[in-house]
Amino acid sequence: MITVTIEKDQSNHIHSFEMKGHADFAEHGKDLVCAAATAVSFGAVNAIAELTKVIPDVKQGQDGGFLKVSFPQDLISTTSEQVQLIVQAMIVSLQTIEQDYGQYIKITFKK
């Protein structure tokens, strides 16, 4: 199962997310749950870097089963709002995957 943990601060701003595990929906290379979660998360990180010029801190596991992304906390207000919007869009997409494939992906929020 893929577990996604979204970490928020006291102001309810998302400051990081972590994805761990493998969906095991299908064999490697044919796992659409894994492919969808990967595309959504990397798409969001790439969009943040390209559209806001904010470079998140990204840590990855070698086997593809781990991704941790942290966002700088000292952003100006408008840039922070842009980053938050992109991350929230990512969460909506991941929740859509979770609705249909909940036995393979689980999203939790942590403060």
Side-chain angles (χ1 to χ4, degrees):
M1 172 177 279
I2 297 171
T3 58
V4 182
T5 304
I6 312 293
E7 295 188 40
K8 296 183 175 188
D9 62 19
Q10 297 82 0
S11 303
N12 223 21
H13 287 101
I14 298 156
H15 64 83
S16 68
F17 71 90
E18 180 179 279
M19 295 178 66
K20 290 196 292 190
H22 296 279
D24 295 323
F25 175 78
E27 65 185 80
H28 183 73
K30 296 182 180 182
D31 192 325
L32 66 92
V33 177
C34 182
T38 300
V40 167
S41 59
F42 277 94
V45 171
N46 291 339
I48 289 166
E50 182 67 26
L51 300 174
T52 70
K53 306 304 181 207
V54 170
I55 307 300
D57 179 38
V58 178
K59 293 183 173 81
Q60 291 180 268
Q62 290 186 334
D63 70 347
F66 178 79
L67 174 68
K68 171 117 185 181
V69 179
S70 302
F71 306 103
Q73 299 299 296
D74 58 350
L75 301 174
I76 62 170
S77 180
T78 54
T79 303
S80 178
E81 289 171 12
Q82 292 171 332
V83 169
Q84 290 299 304
L85 183 62
I86 294 168
V87 175
Q88 289 169 4
M90 177 198 76
I91 292 168
V92 169
S93 294
L94 289 172
Q95 287 173 324
T96 302
I97 298 166
E98 183 184 38
Q99 286 175 358
D100 292 334
Y101 299 97
Q103 66 213 55
Y104 303 101
I105 183 169
K106 176 72 175 153
I107 302 166
T108 57
F109 294 87
K110 185 167 120 177
K111 280 195 177 190

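None of the values given here were measured: they were computed from a predicted structure.
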Between side-chain atoms of residues 20-37 and protein atoms elsewhere (two or more places apart, or another chain), which donor-acceptor pairs fall under 3.5 Å?
residue: Asp31; atom: OD1; partner: Val33; partner atom: N; Å: 3.2
residue: Asp31; atom: OD1; partner: Cys34; partner atom: N; Å: 3.1
residue: Asp31; atom: OD2; partner: Asp24; partner atom: N; Å: 3.2
residue: Asp31; atom: OD2; partner: Phe25; partner atom: N; Å: 3.0

Taking distance alone, no hydrogens or angles, what donor-acceptor pairs closer than 3.5 Å link side-chain atoms of residues 92-101 to residues at least two apart or in another chain?
residue: Ser93; atom: OG; partner: Ala89; partner atom: O; Å: 3.4
residue: Thr96; atom: OG1; partner: Val92; partner atom: O; Å: 2.9
residue: Glu98; atom: OE2; partner: Ile107; partner atom: N; Å: 3.0

Side chains of residues 72-81: which donor-acceptor pairs under 3.5 Å do they make with residues two or more places apart or in other chains?
residue: Gln73; atom: NE2; partner: Phe71; partner atom: O; Å: 2.9
residue: Ser77; atom: OG; partner: Glu81; partner atom: OE2; Å: 3.4

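In this structure, CD1 in Ile6 is found 10.5 Å from CD in Gln88, a value given to the nearest 0.5 Å. The distance from atom NZ of Lys106 to atom CE of Met1, rounded to the nearest 0.5 Å, is 8.0 Å.
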Practice task
Kindly indicate, with the supporting measurements, whether the criterion side-chain contact (heavy atoms from CB on, under 4.5 Å) is fulfilled by Thr108 and Val4.
Solution key: CA-CA 6 Å; Thr108 57; Val4 182; over 6 Å; no

Practice task
Take Ser70 and Phe17 through the test side-chain contact (heavy atoms from CB on, under 4.5 Å) and record every step on the way to the result.
Solution key: CA-CA 7 Å; Ser70 302; Phe17 71 90; over 6 Å; no

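Not counting sequence neighbours, the partners of Gln60 by the side-chain contact (heavy atoms from CB on, under 4.5 Å) test are Phe42, Val58, Leu67. Checked against salt bridge (charged side-chain N to carboxylate O under 4.0 Å, His left out), Lys110 has no partners two or more places apart in sequence or in another chain. Partners of Lys59 by side-chain contact (heavy atoms from CB on, under 4.5 Å), not counting sequence neighbours, listed by chain and number: Asp57, Phe66, Lys68.
Side chain of Ser41 to main chain of Thr38: a donor-acceptor pair is present (N/O by atom type, distance under 3.5 Å, no hydrogens or angles). In this structure, the side chain of Ser11 does not engage the main chain of His13 through any donor-acceptor pair within 3.5 Å. Remark: the backbone N or O of Glu50 is paired with a side-chain donor or acceptor of Lys53 at under 3.5 angstrom.
Between Ala44 and Ile86, the shortest heavy-atom contact is O-CG2, 3.6 Å.
The same ILVMFWY cluster, assembled from side-chain heavy atoms under 4.5 Å apart, contains both Phe109 and Val83. With hydrophobic clusters built from ILVMFWY side chains whose heavy atoms lie under 4.5 angstrom apart, Ile48 shares a cluster with Leu51.
Annotation: side chain of Ile91 is in contact with side chain of Ile14 (closest heavy-atom distance under 4.5 Å).
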